[in-house]
Number of protein chains: 2
Amino acid sequence: MTPAIAPDIAVARSHTAKRLSVLDAAARVFCREGFTGANIDLIAAEAGVSRQTVYNHHGDKENLLVAVVREITERINAGVFETLATFPDKPVDLELELIEFAVRLNQNCMCNRDGKFLRKLLQTEGERYPDLFAGWREHGPAKTWAALAARFARLALSGWLDLDDPDVAARQFLALVNADLQMALIFGDTVSEEQLRTATTNAVRCFLRAYGKPRPV
Amino acid sequence: MTPAIAPDIAVARSHTAKRLSVLDAAARVFCREGFTGANIDLIAAEAGVSRQTVYNHHGDKENLLVAVVREITERINAGVFETLATFPDKPVDLELELIEFAVRLNQNCMCNRDGKFLRKLLQTEGERYPDLFAGWREHGPAKTWAALAARFARLALSGWLDLDDPDVAARQFLALVNADLQMALIFGDTVSEEQLRTATTNAVRCFLRAYGKPRPV
DNA sequence: ATATTTTTAGACAGACTTGTCCAAATCGTC
DNA sequence: GACGATTTGGACAAGTCTGTCTAAAAATAT
């Protein structure tokens, strides 16, 4: 049994393990030091791997950055998609459920490690390597906004919200949700669960004051 | 006449001119390349000055970064203060005047060169040199928020707004005003006058839907 | 016109990086 | 135990960058 694939799998596993370890360390170091300041020796050391292995896996330093960005954007997109699926389409207590949803959004997409990495890499290398993030830029936020806008539009149809422009409302929702977290996000501070809850509560209350309607029958 | 001060003034002028030229070029290069990636030769060339002059004026590369950050934060603070003074304390048409105010805020503080530089430097070097921005962090946003909150509180007292927490409202106002500009700001794109106007209009409309009251007598 | 300060260009040592090469060691499979 | 692939540590050349030093040039004040 498992006549010819077992070796490949085993090899692939250790291979992949090291590959991921390198990507992980590279993400950390690139974010801390920036692309120019990142040191391949340091990345290798943090990955628990020899420098030659880094070169074996990814070739170039620039190539390594590309791989890191691809990895992170994929994970981020997956997280966003997954969280969007938990939107309260048929709410009972809209305020409460929107707060829960926004908390999830922040935890899974903005405040976690990947979110921090993407934000920082975007900021530090976005202008120098525009191609790197072109894909994310086009498919990432635009799709998120559109998906969220569609949900809000449906809530408006079922009488929960009073919206002029669902797209604008979606962007405003996201902006409000981050209003109290801006500083922490910029400085890389960790946000406590409680901070996140009150920030999100403030945001949803404001959003519903602007666009909410009394509970429909 | 001008017996003993004239020389000092003249020297100071050229001295200061070169000093500013260096700071300006350094700000550009630091923002483009990050601290580690910034090249003193390049800064000198962009400033139209010899490298030795850079060292004469600011000593260290790290020292130069400190000087740049100090310069920019001072200019930003001045701009914020100046713009806050134009807040519509006694509005006639609140929506219109808040929009005008928010447009000024964005143009003078967020979307101009200094705003872009501060944001980027903060993002790229904020974690590595926390002391650098400690002063700004403490006195910058906190003061802005407080000042804006005080204005909103006064509007609430005079019957224009219905606020629970003026501080939260102030942060939300700023967040809303930037909602549609996020992507452009991150990628360093220039925002057109028209983009800025519609973004700001959307923001103020939402803010007033949440917190506005019919015009008081 | 002269004296003083500032600026300039270039050379320089020391340190650090990247990317390559190679022989020895390690690992998992047959 | 033997085999093939992968990993390792170290050495290496080529390049870059910082910060210092020097003597000449330019600018400025008296």
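Letters A, B, ... mirror the listed sequences (proteins, then strands); counts begin at 1.
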| query | Separation of B/R51 atom CZ from C/dA9 atom C1', in whole Å? | reply | 9 Å
| Distance (rounded to the nearest 0.5 Å) between A/F207 CZ and A/T200 OG1 | 14.0 Å
| message | Nearest heavy atom decides the nucleotide; on that basis, is A/G37 or B/V49 closer to the 5' end of DNA chain C? | response | B/V49
| Over how many whole Å does the gap from B/K61 atom NZ to D/dG19 atom P extend? | 7 Å
| request: Examine D/dA27: is either OP1 or OP2 under 4.0 Å from a nitrogen or oxygen in the side chain of B/K18? Give yes or no. | output: no
| field | Atom-pair distance (CD on A/E33; P on C/dC16), nearest Å | value | 15 Å
| N/O (side chain, B/T53) to phosphate O (OP1/OP2, C/dT8) under 4.0 Å | yes
| request: Look at the side chain of A/K116 and the backbone N and O of A/T190, then say whether any donor-acceptor pair between them is shorter than 3.5 Å. | output: no
| Would you say D/dT18 has OP1 or OP2 under 4.0 Å from some side-chain N or O of B/N39? | yes
| message | Can you see whether A/Q172 engages A/Y211 through a side-chain donor-acceptor pair at a distance of less than 3.5 angstrom? | response | yes
| field | Protein-nucleotide distance (B/L64, atom CG; D/dC17, atom C1'), rounded to Å | value | 15 Å
| query | Taking atom C1' of C/dT18 as reference, at what distance in whole Å does atom CD1 of A/I40 sit? | reply | 7 Å
| query | With a non-hydrogen cut-off below 4.0 angstrom, is A/A44 in contact with a base, only sugar-phosphate, or nothing? | reply | nothing
| said: Taking the nucleotide of DNA chain C with the nearest heavy atom to each, does A/D41 or A/Q52 sit closer to the 5' end? | reply: A/D41
| remark: The single option from A/R28, A/K120, A/R32 that satisfies salt bridge (charged side-chain N to carboxylate O under 4.0 Å, His left out) with B/E127 is A/K120
| request: Grab the CG-P distance between A/N63 and C/dT18 for me, whole Å please. | output: 15 Å
| said: If the helix axis at each end comes from five base pairs, how far does the helix from C/dA1-D/dT30 to C/dC30-D/dG1 deviate from straight, to 10°? | reply: 30°
| query | Any Lys/Arg nitrogen of B/R171 or B/D165 sitting under 4.0 Å from an Asp/Glu carboxylate oxygen of the other? | reply | no
| note | B/H58 NE2 to D/dT18 C1', in whole Å, measures 17 Å
| field | A/N56 CG to C/dC27 P, straight-line distance once rounded to whole Å | value | 17 Å
| task | Check the surroundings of atom CZ in A/R70: do more than 12 heavy atoms from other residues, nucleotides or ligands lie under 6.0 Å from it? | result | no
| task | Let me know which of A/V66, A/I72, A/L65 forms a side-chain contact (heavy atoms from CB on, under 4.5 Å) with A/V69. | result | A/L65
| request: Check whether any side-chain N or O of A/H57 sits under 4.0 Å from OP1 or OP2 of D/dT7, and answer yes or no. | output: yes
